[in-house]
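Note that these values count all heavy atoms, side chains included, but never hydrogens, waters or copies made by symmetry. Computed from a predicted model, the values in this text were never measured in an experiment. Within every chain, numbering begins at 1; the chains are lettered A, B, ... in the order of the sequence lines, protein sequences first and strands thereafter.
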Amino acid sequence: MLTMSRFVFESIETKNVYLWNSLINGYVKNHDFDEALVLFHEMGRRSVVPDDYTLATISKVCGEVQDLGFGKLVHGKSIRIGFVSDIVVGNSVMAMYSRCGMFVDAMKVFDEMPHRNVGSFNVIISGCAALGDCNPTSGDDLWKFFVRMLSEGFKPDAFTIASLLPMCCAGKWDYGRELHCYLVKNGLGLKMGSDVHVGSSLIDMYSRNNKVFLSRRVFDQMESRNIYVWTALVNGYVQNGAPEYALILLRDMQMFDGIRPNKVSLVSVLPACSTLAGLIGGKQIHAFSIKMELSNDISLCNALIDMYAKCGSLDYARLVFENDSRIKDAISWSSMISAYGLHGRGEEAVIMYYKMLDQGIKPDIITVVGILSACSKSGLVDEGIGIYNSLMAKYEMKPTIEICACVVDLLGRSGKLDQALEFINEMPLDPGPSVWGSLLSASITHGNSMTRDLAYRRLLELEPENPSNYISLSNTYASYTRWDVVAEVRTEMKERGLRKVPGCSWITISGKTHSFLVADKAHPSSSLIYEMLEDLVSIMIGEVSADIDVLT
DNA sequence: TCTAAAGTAT
């Protein structure tokens with residue numbers, strides 16, 4: 001179609017600005033931004049003066065390709081030609097600055113606009129939301145900006161609400177339901193026009209607030225769904241601990257809507273396979289990605305490495321890392337380091353870590369957590385501490401609470417509880433539950449009642465509503481037959497109305513899933529299972545010379 | 001002509 005347009009365009013001798021605009025627009029619609037820019041230059045060479053339509057479109061293109069330099073030139077041209085007071089040109093210029101990471105300049109344009117429309121506010125709101133913080137004007141927050149929009153008589157539309165929804169996160173903004181309400185009352189999106197943008201934003205908002213049943217309700221109410229909507233719900237189920245529903249949904253999107261999962265859908269669903277420890281499901285996703293010719297995609301490979309490692313197959317994880325992912329980023333290396341750590345192969349994790357540095361890839365916080373926990377699990381205390389110190393010195397990395405918890409775990413696990421406590425006292429951040437939790441489990445392992453009781457005290461202060469802390473405390477005293485303390489703790493829990501959902505583990509054999517609670521004897525093969533467990537424990541504590549045949 | 005959506009690594 002576009003080549004036809006081009007043919008007609010070339011055949012006309014005197015081309016006015018409208019002709020140029022429509023051809024440029026054609027390329028933009030086809031995402032051929034480079035060709036649109038080439039045409040704009042050509043237009044300039046032929047001394048055709050751009051109008052408001054041209055400038056708005058080209059500004060957008062500069063934003064899309066993140067060419068700030070040229071974007072500024074277009075902004076200047078708009079000022080010279082006198083279109084800068086045009087609302088759409090102004091909005092477009094703001095969007096360009098915002099997409100090029102110059103939010104402050106976008107705000108400046110906004111402040112200087114003589115006239116605005118809803119879109120002007122929307123550009124600022126979405127740009128600000130993309131930054132992840134709420135600071136459109138100094139001292140003002142995004143909500144105040146939204147209130148300003150209302151007070152100036154502008155009516156929020158579906159764009160406005162869809163940009164505000166991602167800011168509604170537990171602990172940040174609690175306006176999610178109100179915004180949803182506004183949409184319903186004003187007939188924006190959903191049932192009326194089945195707006196897939198609004199729908200996927202709502203689904204995502206409810207999922208992030210741990211209300212996936214509300215995500216589902218939004219999903220069911222929609223009249224039509226696209227891949228964004230389906231994937232948002234798949235991800236919602238994965239993030240909310242319902243991996244089986246995520247897998248069902250992946251099938252349904254193809255069966256009912258004929259929508260093929262893309263790379264984002266597959267990356268979203270892979271952690272579901274890990275949670276279910278379903279190597280077969282994970283392999284099916286892998287096979288599907290090969291069919292879709294996505295198997296060399298970096299983010300998909302990273303998700304596959306993680307899935308294989310968590311499903312127990314270090315070999316497959318390594319194969320994907322070595323053969324499939326041709327380009328490797330920090331996530332690829334971090335995933336592989338964590339994979340070795342997870343399998344108790346600390347030395348190999350350390351080798352990977354140094355290889356990563358050799359490749360010139362900068363470790364991030366996730367890498368550090370991965371390598372430190374790998375060292376910890378394998379008892380490589382000196383290596384771990386060495387890496388920690390070099391990172392803080394060489395890379396000027398600031399320790400996070402997670403990294404500190406890893407260091408405490410590293411020292412504590414190997415019995416250096418005094419050093420761990422010293423580290424906690426000297427760490428630059430307030431030690432949180434994860435830090436005290438690490439000290440606690442190390443203290444229990446090594447039988448140090450002093451650090452243990454200190455950790456319990458801190459944990460109960462920090463999270464008086466977390467039932468796990470009380471259960472752990474009760475179990476500890478039960479092991480000393482201090483039933484008086486146990487009763488006291490249980491009473492405290494009851495008074496606070498706390499209940500702990502018992503943990504369980506499961507395994508799927510030939511399509512049948514067997515699940516087990518603590519001290520569970522309900523399984524028909526229970527006695528056989530416990531016999532095997534005893535054998536395994538004997539091997540681990542070295543009473544029996546390790547004979548691998550016993551295990552296979 | 002401008003403005004909006006889904007993802008992976010502790």
Side-chain angles (χ1 to χ4, degrees), chain A residues 18 21-22 24-25 28-29 50-61 63 83 86-96 98-99 117-127 129-130 157-166 189 195-205 207 226-236 238-239 261-271 274 297-307 309-310 329-339 341-342 364-374 400-403 405-406 409 434:
Chain A
Y18 307 115
N21 287 347
S22 64
I24 290 175
N25 204 19
V28 173
K29 285 252 159 71
D51 67 359
D52 46 349
Y53 278 62
T54 331
L55 293 167
T57 308
I58 290 299
S59 280
K60 175 199 164 77
V61 171
F83 280 118
D86 181 272
I87 296 179
V88 175
V89 172
N91 291 352
S92 199
V93 168
M94 287 193 292
M96 179 276 295
S98 171
R99 293 203 73 159
N117 64 10
V118 179
S120 318
F121 282 86
N122 288 346
V123 172
I124 294 298
I125 288 172
S126 68
D157 60 10
F159 278 89
T160 324
I161 307 300
S163 306
L164 289 172
L165 281 171
D195 187 323
V196 284
H197 280 108
V198 171
S200 56
S201 302
L202 278 173
I203 289 170
D204 193 47
M205 182 275 292
S207 300
N226 65 3
I227 189 149
Y228 291 90
V229 175
W230 280 97
T231 306
L233 190 60
V234 165
N235 193 45
V238 174
Q239 300 302 325
N262 64 8
K263 127 191 162 190
V264 179
S265 324
L266 298 181
V267 167
S268 301
V269 87
L270 276 168
S274 319
D297 178 85
I298 186 165
S299 43
L300 193 79
C301 284
N302 295 344
L304 283 169
I305 292 167
D306 183 61
M307 179 278 295
K310 285 182 181 152
D329 61 7
I331 299 180
S332 323
W333 289 93
S334 303
S335 304
M336 206 55 223
I337 290 168
S338 305
L342 205 60
D364 60 14
I365 289 162
I366 307 291
T367 322
V368 182
V369 173
I371 187 66
L372 292 183
S373 62
T400 62
I401 203 81
E402 291 83 4
I403 292 178
C406 282
D409 187 58
S434 57

Footprint ends on DNA chain B, 5' to 3', for atoms under 4.0 angstrom from a heavy atom of chain A, come out as B:dT1 to B:dT10
Classify A:Asn302 by what it touches in the nucleic acid, base, sugar-phosphate, or nothing, heavy-atom distance under 4.0 Å. base
From the list A:Val368, A:Asp364, A:Ile305, A:Asp306, side-chain contact (heavy atoms from CB on, under 4.5 Å) partner of A:Ser334 resolves to A:Asp364
Determine the contact category for A:Asp157: base if any of its heavy atoms lies under 4.0 Å from a base atom, sugar-phosphate if only primed atoms, P, OP1 or OP2 are that close, otherwise nothing. nothing
Salt bridge (Lys or Arg N to Asp or Glu O under 4.0 Å) with A:Asp86: which residues, sequence neighbours excluded? none
Counting any heavy atom closer than 4.0 Å, what does A:Ser200 reach on the DNA or RNA strands: base, sugar-phosphate only, or nothing? base
When all nucleic acid strands are considered with a 4.0 Å heavy-atom cut-off, which category describes A:Asn226: base, sugar-phosphate, or nothing? base
Partners meeting side chain to side chain contact (heavy atoms under 4.5 Å, CB included) with A:Glu402 (sequence neighbours left out): A:Val369, A:Thr400
Looking at residues at least two apart in the chain, or sitting in another chain, which of them share a salt bridge (Lys or Arg N to Asp or Glu O under 4.0 Å) with A:Lys29? none
Name the nucleic acid region contacted by A:Val123, choosing base, sugar-phosphate or nothing; use a 4.0 angstrom heavy-atom cut-off, strictly under. sugar-phosphate
Scan A:Asp52 against the nucleic acid and name what it touches under 4.0 Å (heavy atoms): base, sugar-phosphate only, or nothing. base
side-chain hydrogen bond (donor to acceptor under 3.5 Å, both in side chains) filter on A:Trp333, not counting sequence neighbours, yields none
Is A:Asn117 touching bases, backbone alone, or none of the nucleic acid, heavy atoms closer than 4.0 Å? nothing
Can you sort out the partners of A:Ser332 under side chain to side chain contact (heavy atoms under 4.5 Å, CB included), two or more places apart, ordered by chain and number? A:Ile298, A:Asn302, A:Phe321, A:Lys328, A:Asp329
Identify whether any heavy atom of A:Gly119 sits under 4.0 Å from a base atom; if not, whether one sits that close to sugar-phosphate; answer base, sugar-phosphate or nothing. base
